[in-house]
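Everything below concerns the one structure shown next.
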Amino acid sequence: MRFFRSTVAWNLALSVLSVVQAVSFVSSALSLSWTTPQVPAKGSSIYYVDSRDGNDANTGTAPGAAWRTLEKVNATTFRPWDTILLRSSSVWRGQLWPKGSGTEGHPIRVGTYGGGVKPVVNGEGLVEDAVLLKNQEYWEIENLEVTNTGPTRAVRRGVHLALENFGDAHHIYIRSLTIHDVNGVDSLKSNGGINYTSTWDTKPSRFVDLRIEDNEIYHVDRSGIFGWSEEWMRSKWHPSLGVIVRGNQLHDIGADGIVVAATDGALVENNVVGHASQRSEDYNVAIWAWSADNTIIQYNEAYGTKGQRDGEGFDSDWNSRNTVIQYNYSHDNDGGFLLICNEGGHEITENAGNSGTIVRYNISRNDRSRGITIAGPVKNTLVYNNTIYTGPDRTLDMLLFADWNGWSEDTYFFNNIFFAAGPAQFSHGVSRASDGAYTTAPGLEPSKNNIFESNLYYGVNPPPGDKGALTADPKLVDPTRGGMGRFSLSGYHLQPTSAARASGKAIQNNGRRDFWGHAVPSCNKTDRGASQSDNCEAVAAEHHER
């Protein structure tokens, strides 16, 4: 089948990505950390900037001869392998926009010296972008604190990476920044914490090798990390390549948490997004992909997303193909664990639809309102070996199909555990209120060709036609136990006597590991749910007793 064959390339991609490692270099004299050793190239310079004791009349090339202002930095065109060091605990008002570009193997770097307190770039609402790179490439920016609050809301960003009729912009790394208190507007998605944008009408432009890693972002409006291309339509689609969003911590976000848009092969992993959509009236999700092919979203945690417009932890959105959502933890999101959607009102030259999404080995604990929502003419979706649990205080549409100028078709559900301690149903949307809440009815019609096999249903009536369905207690160790962090979920392992053990359907090209990293299949058998057994003797004995 098409979706099974499509996973082969993704399993290969996962193998390659898993061996990519960052190498840290620590300079104790300058309190720096880079991904490669700081070896000055011939003709390159290190520039020092000190907001207290510097002087712009200085050469800037020694700590005792540091520059003082960002204006001096912004007026300078830097050369490949130059380094700009901002003194620890310095504070500046306004914008940091150094000029110039590096070259392959010789990026320009921005970092810190003289202590462990990050220097502060405070836009104070005086500028749209506190830190800006425009039509530049080969830059690495690390270890700054950035804020940008004005007296009233306006279009504002902490960091903006902007392209305009530039072509390919290579190797831009944004790492270990603390970005907070940016009071942007809700009406423009591409403002808030970190934004990368591409606009073009004469020269196709995109990012190649963009990394946004290990940043802390909080109390920003609108978006936490957001990518955008004005030319998103498929007839002009020119996706960014090598985009990695990894290891970021986001909390108290006005609207969307992390969004990759107009990308091919983006990797979004090991991020935590807490309390997104806190001050927005729009449709928002904690982590999602839009107009993006071959995205991998893995090992993330999303919780506390507010509202039902949309309010999910994760989303494979429209104009996207072959999204993989795996090994994630979703909890306490008002709109549920997952949205898969496609807007059916566009021509194929604009919207390639949503097809080939794979959702596997995720855990949803106490998400609200909805478990999984599939809206619009979504095609060829594979959902397997996930565990969805809701407590007795929840009323849930465990699986909800909805209309968005069309209905889904060819959706496959294998080996999932659907565990409802409170009222729950499999349903379709009848209508939707302005706040995003659905009025629902039992049954999956009018969506087409929904195939269920070897799922376990506890506390919720199974849909008809599930070959190998189980309705027994899955005997999770303790599903009520769980909190912050993916590894608070030891209660989601299967007990030795669970009927979910060694009773699932074998899945080809299955990603090779479960939520915990155990081999799949384990002990030559497939378990149901997100956890696979790793004690083969116990599995064999239990299977023999049955």
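All residue numbers in this chain count up from 1 along the given sequence. Not measured: the values here are computed from a predicted model.
Ring planes of His346 and Trp232: perpendicular class, angle over 60° (limits at 30 and 60°). Note: Phe314 and Phe337 have perpendicular aromatic rings, judged against thresholds of 30 and 60 degrees for the angle between ring planes.
In this structure a side-chain-to-backbone donor-acceptor pair under 3.5 Å is present from Gln95 to Asp129. At distances below 3.5 Å, not a single donor-acceptor pair connects side-chain atoms of Arg365 with backbone N or O atoms of Tyr389. Judged purely by atom type and a 3.5 angstrom limit, Asn74 uses its side chain to pair as donor or acceptor with the backbone of Trp97. A donor-acceptor contact shorter than 3.5 Å links the side chain of Ser320 to the backbone of Ala292. One N or O on the side chain of Asn328 and one on the backbone of Tyr299 form a donor-acceptor pair closer than 3.5 Å. The backbone N or O of Gly529 lies less than 3.5 Å from a partner atom in the side chain of Asn385, making a donor-acceptor pair. Listed for the Glu343 side chain is a donor-acceptor partner under 3.5 Å among the backbone atoms of Gly345. Under the 3.5 Å distance criterion, the side-chain polar atoms of Trp516 are left unmatched by any main-chain donor or acceptor of Gln532. Panel note: side chain Ser205, backbone Phe166; a donor-acceptor pair is recorded below 3.5 Å. Formation of a donor-acceptor pair under 3.5 Å by the Asn354 side chain with backbone atoms of Ser316 is found in this model.
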Does Asp435 form a side-chain hydrogen bond (donor to acceptor under 3.5 Å, both in side chains) with Gln308? I'd like the steps, not just the answer.
CA-CA 6 Å; Asp435 66 356; Gln308 296 188 53; 5.6 Å; no
Could you go step by step and tell me if His275 and Tyr303 meet the ring-ring contact (aromatic ring centres under 6.0 Å, His included) rule?
CA-CA 6 Å; His275 301 292; Tyr303 66 92; 5.3 Å; yes
Test log, rule ring-ring contact (aromatic ring centres under 6.0 Å, His included), inputs Trp318 and Trp290:
CA-CA 6 Å; Trp318 60 283; Trp290 184 83; 5.3 Å; yes
List the steps, then state whether salt bridge (charged side-chain N to carboxylate O under 4.0 Å, His left out) holds for Asp332 with Arg394.
CA-CA 10 Å; Asp332 303 292; Arg394 302 281 193 269; 3.4 Å; yes
Test salt bridge (charged side-chain N to carboxylate O under 4.0 Å, His left out) applied to Arg175 and Asp214, step by step:
CA-CA 6 Å; Arg175 290 189 172 124; Asp214 301 322; 5.6 Å; no
Test log, rule side-chain hydrogen bond (donor to acceptor under 3.5 Å, both in side chains), inputs Asp186 and Ser280
CA-CA 6 Å; Asp186 189 40; Ser280 175; 2.7 Å; yes
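Rounded to the nearest 0.5 Å, atoms CG (Leu396) and CZ (Phe418) are 10.5 Å apart. Here CG of Leu338 is found 7.5 Å from CG of Asp315. Values are rounded to the nearest 0.5 Å. Considering CG of Asn366 and CD1 of Ile388, their distance stands at 12.5 Å, rounded to 0.5 Å. Note that NZ of Lys236 is 11.0 Å distant from CD of Glu350, once rounded to the nearest 0.5 Å.
With sequence neighbours excluded, no residue forms a salt bridge (charged side-chain N to carboxylate O under 4.0 Å, His left out) with Lys306. Arg486 pairs by the salt bridge (charged side-chain N to carboxylate O under 4.0 Å, His left out) definition with nothing, not counting sequence neighbours. Every residue two or more places apart in sequence or in another chain that forms a salt bridge (charged side-chain N to carboxylate O under 4.0 Å, His left out) with Arg279 is listed here: Asp221, Asp252. Not counting sequence neighbours, Asp403 has no partner by the salt bridge (charged side-chain N to carboxylate O under 4.0 Å, His left out) test. For His238, there are no ring pair (Phe, Tyr, Trp, His ring centres under 6.0 Å) partners at least two apart in sequence or on another chain. Under the side-chain hydrogen bond (donor to acceptor under 3.5 Å, both in side chains) criterion, Asn333 pairs with Thr305, Ser330, Asp367, not counting sequence neighbours.
The side-chain contact (heavy atoms from CB on, under 4.5 Å) with Tyr412 is formed by just one residue from the set Asn450, Ile451, Ile358; it is Ile451. Each of Thr178, Ile179, Leu250 was compared with Glu216 under the side-chain contact (heavy atoms from CB on, under 4.5 Å) criterion, and only Thr178 meets it.
For the pair Thr411/Val378, no side-chain contact is recorded, criterion being any heavy-atom separation below 4.5 Å from C-beta on. Asn284 places a side-chain heavy atom less than 4.5 Å from the side chain of Arg222. Within the 4.5 Å cutoff, side-chain heavy atoms of Ile417 are placed close to those of Arg528.
Under the 3.5 Å distance criterion, with hydrogens and angles disregarded, a donor-acceptor pair is assigned to the side chains of Arg234 and Asn319. A donor and an acceptor atom, one from each side chain of Thr202 and Asn165, are located under 3.5 Å apart. Counting only N and O atoms by type, the side chains of Asn351 and Asn342 include a donor and acceptor under 3.5 Å apart. Between Tyr384 and Arg360, the side chains place a donor N or O and an acceptor N or O closer than 3.5 Å (distance only, hydrogens not considered). No hydrogens or angles considered: a donor-acceptor pair under 3.5 Å links the side chains of Trp288 and Asp256. Between Asn215 and Asn248, the side chains place a donor N or O and an acceptor N or O closer than 3.5 Å (distance only, hydrogens not considered). In the model, Asp209 has a side-chain atom that pairs as donor or acceptor with a side-chain atom of His171 under 3.5 Å. With 3.5 Å as the limit, one finds no donor-acceptor pair spanning the side chains of His219 and Gln278. Between the side chains of Gln298 and Glu269, at least one donor N or O lies within less than 3.5 Å of an accepting N or O.
A ring-centre distance under 6.0 Å is found for His180 and Tyr218. Proximity of the aromatic rings of Tyr196 and His160 is defined here by a centroid distance below 6.0 angstrom, and this criterion is not met.
When all heavy atoms of Leu188 and Asn191 are compared, the closest pair comes out as O-ND2, 2.5 Å. Residue Asn183 comes nearest to Thr149 through the heavy atom pair OD1-CA, 3.3 Å, listed as atom of the first residue, atom of the second, then distance. Residues Ser101 and Glu137 share a closest heavy-atom pair of OG-N, 3.1 Å. Scanning all heavy atoms of the two residues, the minimum distance from Val520 to Asp514 falls at CG2-N, 3.4 Å.
A salt bridge is absent between Asp181 and Arg156; no separation between the charged side-chain nitrogens and carboxylate oxygens falls under 4.0 Å. Using a 4.0 Å cut-off between a side-chain N of Lys or Arg and a carboxylate O of Asp or Glu, Lys505 and Asp466 do not qualify as a salt bridge. Taking 4.0 Å as the cut-off between side-chain N and carboxylate O, Asp397 and Arg370 do not count as a salt-bridged pair. Ion pairing of Lys379 with Asp410 is absent here, as no side-chain N (NZ or NE/NH1/NH2) approaches a carboxylate O to less than 4.0 Å.
Counting heavy atoms of neighbouring residues, nucleotides and ligands inside a 6.0 Å radius, atom NZ of Lys448 does not exceed 12 of them.
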